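Below is one structure; the comments refer to it alone.
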Amino acid sequence: MLTSLLLGGSETERLVSSLRRLNGGDPNMTVVDKNAFVFDPWNVSWRTNDTEETLGELLENRPIFLTDAGQYVVSRYDDVREIMSNAELFSAKPNQSEAIGFPPKIDESADPAMLERLMMVVASLPFDVGEFAAASVIVGVDPPVHTRLRRIVNRGFLPTKMAALAPTVEAIVAECLKDINSTDSFEVMSELAVPVPIRVIAEILGVERQHCDDLKRWSDVLSTCVHGESRGTIESGINLVAMLSEFAGLFMPMIEERRNAPSDDVISEIIKASEADTLTVAEAVLFLLILMAAANETTTSLIGNAIPYLCENPEQLKLLIDQPDLLGGVVEETLRLSSPVQFVFREATADVTLQGVTIPQGSQLVCFIAAANRDPRQFPDPHRFDITRKGQHLSFGHGAHFCLGAALGRLEGHAALKQIAPSLSHFDFDNSNLHLDPSAFTRSFEVVRLTKVNN
């Protein structure tokens, strides 16, 4: 294993010992069973081939699983929750590169021509490259830096501001659904799940509607380059920086404009000139990029995943129609079963023992939210869609890094499902054409098509 070759002597021994133990063997043995259970969270096959069996194996028999890449996959609810709660022992630093991809990793052995292309794209950035490289990304830093950033960006997401958005969100959903009862076919993703969060985030950021397609395109580039099959390649680095240059080209003038003439939007709040503590230009651009992508992916996933669950569980749909106050249960149960973000990362800041396994300092942990949300110790009959279920899922995280946009995602999901639910009984749903997006990091369908029932 490459990781063991890179570690020092004592760390190597601990890693090998962990491998033997995690594969079900005696830690004193000298041979690891090569036919043992294999799992890689980045390999999408786990979520399409025997998902329940894979999650069950991890949760019951391998709650701390060491992958061939040297990452410790943590699956049980209590462990994941504890890791998310303890920033002192588990640093969020790996999210900077693994989940966000900025600055992109550069392989110095890459094709010189490609490196030159990358440098040219970097040189085109409309802000100081050094400032960009040193910028703190909120999902990848710990206190006190995270505390500072969170205090600043919270200004744009106060409960009063989210509540004031409700009529706007309802109106956007209504416009997306205006023809649903007069059409023979309705494609949920392209006609509802994608446009709602894009238009809402544009509204929040004060972006003109003509740029909504750009916001979606930039979000897709980020997801593809950082979480798709091309992640880690110099090509993806080039595409990422090129996208960031375009993104900054739109938002930097808006940032400067808001400094001089504040408006009632998120950008104005996070760069208030009157505040002693504010974001640098690079920090603001990167925060807005993360906000755009997260706001898009979370709600798109929530809406798109909820519709198949309701259609495939007609008794739950009927329960919702009979008891509209269970709409919140639909939102939470969908988030639990299909977490928009399937896993996040942490780094052990000291040797730590979980489930009897010693994880060396500096090791990277994969907090497997998709598994934790189906832990039978926390959720009885965990694979069943039950809108009356009680219990707190981890799809929005926990602790200091609890999702800033959770209230917004719930608001949008609630509005969309409230308006579409009465129409679902008039449509057939064919799950044979369901295809998940190619990223293992997120969980969302590419197409969810409804066909009008012939009466």
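These numbers come from a predicted model, not from an experiment.
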Could you go through Cys367 and Val74, starting from their C-alpha distance and side-chain angles, then the distance that decides it, and tell me whether this counts as side chain to side chain contact (heavy atoms under 4.5 Å, CB included)?
CA-CA 5 Å; Cys367 296; Val74 183; 5.5 Å; no
I'd like to know whether [atom1] of [X] has more than 12 heavy-atom contacts from other residues, nucleotides or ligands below 6.0 angstrom.
| X | atom1 | result |
| --- | --- | --- |
| Arg389 | CZ | yes |
| Lys452 | NZ | yes |
| Glu208 | CD | no |
| Gln210 | CD | yes |
| Asp264 | CG | no |
| Lys161 | NZ | yes |
| Asp381 | CG | yes |

Just checking, any donor-acceptor pair under 3.5 angstrom between side chains of [X] and [Y]?
| X | Y | answer |
| --- | --- | --- |
| Gln392 | Glu332 | no |
| Glu57 | Thr54 | no |
| Thr183 | Asp179 | no |
| Asp40 | Thr67 | no |
| Ser91 | Asp142 | yes |
| Asn373 | Ser395 | yes |

How far does [atom1] of [X] sit from [atom2] of [Y], to the nearest 0.5 angstrom?
| X | Y | atom1 | atom2 | result |
| --- | --- | --- | --- | --- |
| Leu286 | Leu244 | CG | CG | 6.0 Å |
| Ile83 | Ile359 | CD1 | CD1 | 6.5 Å |
| Gln342 | Ser439 | CD | OG | 9.0 Å |
| Leu291 | Leu289 | CG | CG | 9.5 Å |
| Asp79 | Leu354 | CG | CG | 5.5 Å |
| Glu283 | Arg148 | CD | CZ | 4.5 Å |

SB check [X] [Y] (cutoff 4.0 Å):
| X | Y | value |
| --- | --- | --- |
| Arg209 | Glu175 | yes |
| Lys93 | Glu347 | yes |
| Arg199 | Glu412 | no |
| Arg443 | Asp437 | no |
| Lys178 | Glu191 | no |

Check the pair Arg217 / Asp214 against salt bridge (charged side-chain N to carboxylate O under 4.0 Å, His left out), numbers first and verdict last.
CA-CA 5 Å; Arg217 177 169 56 84; Asp214 291 326; 3.1 Å; yes
So, does [X] use its side chain to make a donor-acceptor pair with the main chain of [Y] at under 3.5 Å?
| X | Y | result |
| --- | --- | --- |
| His401 | Val141 | yes |
| Thr334 | Val330 | yes |
| Arg155 | Ser268 | no |
| Asp428 | Thr451 | no |
| Thr224 | Asp220 | yes |
| Asn86 | Leu89 | yes |
| Ser245 | Val241 | no |
| Glu187 | Ser190 | yes |
| Asn296 | Met292 | no |
| Gln316 | Tyr309 | no |

Side chain to side chain contact (heavy atoms under 4.5 Å, CB included) assessment of Leu319 paired with Thr388:
CA-CA 9 Å; Leu319 190 60; Thr388 67; 3.8 Å; yes
Pair Met243-Cys225, side chain to side chain contact (heavy atoms under 4.5 Å, CB included): steps then yes or no
CA-CA 10 Å; Met243 177 273 290; Cys225 292; over 6 Å; no
Over 60° means perpendicular and under 30° means parallel, so classify the ring planes of [Y] and [X], tilted if in between.
| X | Y | result |
| --- | --- | --- |
| His227 | Trp42 | parallel |
| Phe287 | Phe157 | perpendicular |
| Phe368 | Phe343 | perpendicular |

Hey, does Arg410 have a side-chain heavy atom less than 4.5 Å from the side chain of Phe396?
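The answer is yes; the side chains approach within 4.5 Å.
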Side chain to side chain, Val188 and Arg449, heavy atoms closer than 4.5 Å:
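No, every pair of side-chain atoms sits at 4.5 Å or beyond.
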Could you walk me through whether Phe39 and Val366 pass side chain to side chain contact (heavy atoms under 4.5 Å, CB included), step by step?
CA-CA 12 Å; Phe39 176 75; Val366 179; over 6 Å; no
Mind running salt bridge (charged side-chain N to carboxylate O under 4.0 Å, His left out) on Asp78 and Arg76 for me, showing each step along the way?
CA-CA 6 Å; Asp78 287 344; Arg76 290 185 182 172; over 6 Å; no
Can you tell me which residue among Tyr72, Phe37, Trp46 is in a ring-ring contact (aromatic ring centres under 6.0 Å, His included) with Phe65?
Phe37
Yes or no on salt bridge (charged side-chain N to carboxylate O under 4.0 Å, His left out) for Arg258 and Asp265, after CA distance, side-chain angles and deciding distance?
CA-CA 9 Å; Arg258 299 303 192 275; Asp265 57 31; 2.7 Å; yes
Does the structure place the NZ or CZ of Arg336 under 6.0 Å from the centre of the six-membered ring of Phe379, at an angle of no more than 45° from the ring's axis?
yes
